[in-house]
There are 2 protein chains.
Amino acid sequence: MKEVSGQLAGIPLFLGLSGEQYDALARIGVRRSSRKGERIFSEGDEGTGFYVVVTGRVKIFKVSAEGKEQILHFFGPGESFGEVSVFTGQGFPADAVAAAQTALLFFPRTSFIALIRNDPVLALNMLAQLSQRLRQFAGLIEDLSLKEVPERLAKYLLYLSGRDGDARAAELDVSKGQLASLLGTIPETLSRILTKMNRQGLIRSRGAQITILDRPGLDAIASEGKKLP
Amino acid sequence: MKEVSGQLAGIPLFLGLSGEQYDALARIGVRRSSRKGERIFSEGDEGTGFYVVVTGRVKIFKVSAEGKEQILHFFGPGESFGEVSVFTGQGFPADAVAAAQTALLFFPRTSFIALIRNDPVLALNMLAQLSQRLRQFAGLIEDLSLKEVPERLAKYLLYLSGRDGDARAAELDVSKGQLASLLGTIPETLSRILTKMNRQGLIRSRGAQITILDRPGLDAIASEGKKLP
DNA sequence: ACATCTCTTTGACCTATGTCAAAGCGCTTT
DNA sequence: AAAGCGCTTTGACATAGGTCAAAGAGATGT
């Protein structure tokens, strides 16, 4: 299992663990890979363990009866998902599909709980992880319930440019259709708002390349809810 | 601190702990009480610990720039809140006010983390707690993003009647204004939908007393998204 | 019983955003 | 280069649900 062991480095969840724990994790972790579009689990499936993304990307989402989807997360290398059903013993609360060719590590529920029982650091890491996610969900709820689409979009563009370090560029990391679903809207609406923002000189968007021309303007929309004329 | 100790019984988070741990918790727990309407903490406040509700009720919510509120939870006796900032070290992610005269126990962050470090059962209980809450948030996100108000209301009425055991009665546990905020809408809209449901013979509502007259009908709205004429 | 206050209901209106349909535009495949 | 395919954009339209204003209806203290 040397290959598994090597992949545990740099995973936030496993930070600060003893060598012993690393070995134990390497022993119980199982490699798995998914092609782009492949389903990893469905809402309601029995949760027999959780996953860590090694390479690639995973989309976690809910689907309505009419087929509209709301994306809850994208998870990339080093991030974990599916933990919730490890600790509640219920089925998975949402669907997961590979958003790209993806390599995963799977950790079976019972073995993992046994490890946590012996290692408070691992427990605290996991608590930090779930807390972080709870905070993020609270933000998403706030956005969906209290903000309009232009505000959510402006916020996302600013977030992107912040994450990339580059203050003016924002390279979309998902298709516009997926971005719509992440923001809780539909592609048509997103497209119209991007067009408006272009017209207002706030951004210049060419495909997935979006240049921020007027950061204060975007900020005013994101934070103060200023309207787009 | 004998009084504190007595109040720890029956709190799910502390279930299955050793007597020693109980004592330790009793030692670090601090009693605090809040009058109805009193603010317990505000979003962004430094999180120096978390709370357990002994008696009364606490409302956790987000407020928009324009003053509209979205309720995330109501917590009653035995439930805990404010844990997220214990484990992320960041400020509280939302506001908390007492929804009634409320008695609380406050557990300071560092002392509590020390306890968790020594007790895997407590860690696992907390993990279960947070996981449960994550699941609930995922449901709220789904509702807000993918369902319409009548669906959310029908679901809530069915949930109430289920919780009370009584299949036909649903005594609202919050004011209609608060229910609107919980469902992600405003009082006017809620009122109109209740009126419609009355007209359709689905329910009969007199004040906070709502009688379910047509459960299959409500079910069809809650689950299949059937429209109210 | 009265005055006051807050919550709820109703009406008229408005707007953000969703639906449906049709082009347009890049890509990849042949 | 042509053809095919999925994504994105645009237009015309529909509507759920929000805003504003006023009236009703309970509750509470005097």
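Values below: all heavy atoms of this structure, side chains included; hydrogens, waters and symmetry mates excluded. Per chain, numbering begins at 1; letters A, B, ... match sequence-line order.
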Fill in the blank from the handout: Exactly one of A:Ile71, A:Ile40, A:Asp95 clears side chain to side chain contact (heavy atoms under 4.5 Å, CB included) with A:Lys59, and that residue is A:Ile71

Practice task
Would you mind reading off the distance between A:Leu146 atom CG and C:dA16 atom P, rounded to a whole angstrom?
Solution key: 17 Å

Practice task
Please determine, for the side chain of B:Ser175, which listed nucleotide (C:dT8, D:dT10, D:dT8) has the closest atom?
Solution key: C:dT8

Exercise for the section: Indicate, yes or no, whether a donor-acceptor pair under 3.5 Å links the base of D:dC7 to the side chain of A:Gln178. Expected result: no

Practice task
Report the nucleotide, chosen from C:dT9, C:dC20, C:dT17, that has the shortest atom-to-atom distance to any side-chain atom of A:Glu188.
Solution key: C:dC20

Completion exercise
Against the side chain of A:Ile186, the closest entry in D:dG18, C:dG18, C:dT17 is C:dG18

Exercise for the section: Indicate yes or no for a side-chain donor-acceptor contact from A:Arg152 to the backbone of A:Lys147 under 3.5 Å, with no hydrogens or angles considered. Expected result: yes

Exercise for the section: Kindly determine whether B:Gln178 and B:Glu69 satisfy side chain to side chain contact (heavy atoms under 4.5 Å, CB included), including the steps that lead there. Expected result: CA-CA 9 Å; B:Gln178 292 292 284; B:Glu69 81 173 23; 3.3 Å; yes

Problem - Under-3.5 Å donor-acceptor pair between B:Arg192 side chain and C:dG11 base - result: yes

Practice task
Return the nearest nucleotide to the side chain of B:Pro187; candidates are C:dG18, C:dT9, D:dG17.
Solution key: C:dT9

Practice task
Report yes or no: does A:Ser191 contribute a side-chain atom to a donor-acceptor pair with the main-chain N or O of A:Pro187 at less than 3.5 Å?
Solution key: no

Handout entry: Length of the CD-C1' vector between B:Glu148 and C:dT17, whole Å
Key = 12 Å

Completion exercise
Among the nucleotides D:dT8, C:dT10, D:dG17, whichever has the atom closest to the side chain of B:Pro150 is D:dG17

